[in-house]
Structure formats: C-alpha cells, structure tokens
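Data first, discussion second: the structure below is written as structure tokens.
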Amino acid sequence: MELDAAREAERIGEQARRASERAADGFARMGTVNGTAETGDGAVRVVVAPGGLLTEVRLTHAALRSGTDALAQQIVALAHTATRRAGDRMYRVLSPVLGPAGEATLASLGYEPLPEDEDDEDGGYSVLGRG
C-alpha cells in the first residue's frame, strides 16, 4: 500500500484546522481564561493566568494588619488555588478538542479538572468563580 503524502498532509491539515476552530470557539464561550481566589473577608484577592503567572493582586487596608509573613502566606496559598482554577478552565476548553488522548498532555501541563465541590474546601478561602 502506497502512501499519498500530499493527501495525508491535506487530511492532517484539515484536522488541525477543525481542532483550532473548536478551541477558538471554546475560548470565546469561556471568556478570559484565568483563575481567581480571595480570602473569606475579601481582604486579599489574586488573579493568575494558566500556568500560574500572577497577573493581579488586590489588598485592602485590613490585609495589611495581619503582618507581612501572614500576608505573604495568604498570597501564596491564594495563588496556588487560583492556578488550579485556571488549569481547570483550560482543561474544560481543550479536553473536548483534544479528546481522551490529549487529556494526559493537559494533565502534564497542570491543566486538570477540579471536583465540582472543591470550591467549598479551600481551607478558609473562598474562591471566586473560575475566572
């Protein structure tokens, strides 16, 4: 059996184009893909991009009263939670496009689905939506 390289390349290109369109549609529906978390009292709020890049930190005057060490620990913990949220959002957009074979790749990048009830189990932190 002889392989028609041009036809195979065209088929693969078409598959890639369709996957790209499906991913773009998913991102359009999802909106900005980031993760957000804040303390229960709203004194500290962080936003991260997928992969954990910290893009925003908001502090109230009340946050400053806890001391620098406690504040630093809160920010790190919230950034971790928000990073997991961003990974969940990426997973939800890309897993339907990549299918079961792509789920391992997504997991290797830190993009994994979170249990639906995890929002309530953040050790004293309330997590705002997934974005």
Side-chain angles (χ1 to χ4, degrees):
M1 180 172 162
E2 190 174 313
L3 176 67
D4 182 343
R7 187 176 303 165
E8 187 64 13
E10 184 177 317
R11 183 186 68 76
I12 292 170
E14 179 61 23
Q15 285 178 331
R17 184 189 62 73
R18 282 189 301 229
S20 176
E21 287 175 357
R22 288 179 33 218
D25 289 345
F27 285 118
R29 281 191 310 277
M30 179 72 66
T32 301
V33 177
N34 61 25
T36 304
E38 72 176 6
T39 55
D41 63 0
V44 183
R45 179 178 192 261
V46 300
V47 179
V48 301
L53 176 65
L54 195 59
T55 60
E56 183 180 322
V57 175
R58 288 190 186 172
L59 307 172
T60 66
H61 289 290
L64 302 176
R65 290 187 205 120
S66 64
T68 57
D69 289 342
L71 179 58
Q73 289 175 355
Q74 284 182 324
I75 292 170
V76 169
L78 290 170
H80 176 74
T81 299
T83 298
R84 295 186 69 219
R85 296 291 181 258
D88 176 74
R89 290 179 62 99
M90 286 293 284
Y91 180 89
R92 292 179 190 279
V93 170
L94 294 176
S95 66
V97 174
L98 300 176
E103 289 177 5
T105 300
L106 292 172
S108 75
L109 296 171
Y111 304 147
E112 298 180 285
L114 296 176
E116 292 298 322
D117 62 346
E118 187 164 311
D119 283 351
D120 298 329
E121 300 174 10
D122 286 318
Y125 300 114
S126 68
V127 177
L128 300 175
R130 292 204 165 117

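Quick note: residue numbers are just sequence positions, from 1. Computed from heavy atoms alone, side chains included, the values below leave out hydrogens, waters and symmetry copies.
- Note: Leu78 CG to Glu38 CD = 8.5 Å, rounded to the nearest 0.5 Å.
- From Leu59, atom CG reaches atom CD1 of Ile75 across 5.0 Å, with rounding to the nearest 0.5 Å.
- Shown here is Arg7, whose CZ atom has no more than 12 heavy atoms of other residues, nucleotides or ligands within 6.0 Å.
- Residues Val47 and Leu53 do not share a hydrophobic cluster, defined by chaining ILVMFWY side chains whose heavy atoms lie under 4.5 Å apart.
- Heavy-atom minimum distance, Tyr111 versus Tyr91: O-CD1, 3.3 Å.
- Between Leu98 and Glu103 there is no side-chain heavy-atom pair separated by less than 4.5 Å.
- Summarising the geometry of Ala86 relative to Gly35, their closest heavy-atom pair is CB-N, 3.5 Å, with the distance given to 0.1 Å.
- For Glu10, the CD atom is loosely surrounded, since the number of other residues' heavy atoms within 6.0 Å does not exceed 12.
- Proximity of a side-chain donor or acceptor of Thr39 to a complementary backbone N or O of Val44 within less than 3.5 Å is detected.
- Residues Val33 and Pro50 come closest through the heavy atom pair O-CD, 3.2 Å.
- Looking at every heavy atom in both residues, Ser66 comes nearest to Leu71 through OG-N, 3.9 Å.
- When all heavy atoms of Pro96 and Val93 are compared, the closest pair comes out as CD-O, 3.5 Å.
- If you take CD on Glu112 and CE on Met90, they are separated by 13.5 Å, rounding to the nearest 0.5 Å.
- Distance check: Arg45 CZ to Thr60 OG1 gives 12.5 Å after rounding to the nearest 0.5 Å.
- Under the 4.5 Å side-chain contact rule for hydrophobic residues, Val46 and Leu64 share a cluster.
- Among all heavy-atom pairs drawn from Arg89 and Asn34, the shortest one is CD-O, 2.9 Å.
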Evaluation steps, side chain to side chain contact (heavy atoms under 4.5 Å, CB included), between Glu21 and Arg17 = CA-CA 6 Å; Glu21 287 175 357; Arg17 184 189 62 73; 2.4 Å; yes

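- Salt-bridge formation is detected for the pair Asp88/Arg92: a Lys NZ or Arg NE/NH1/NH2 atom is positioned less than 4.0 Å from an Asp or Glu carboxylate oxygen.
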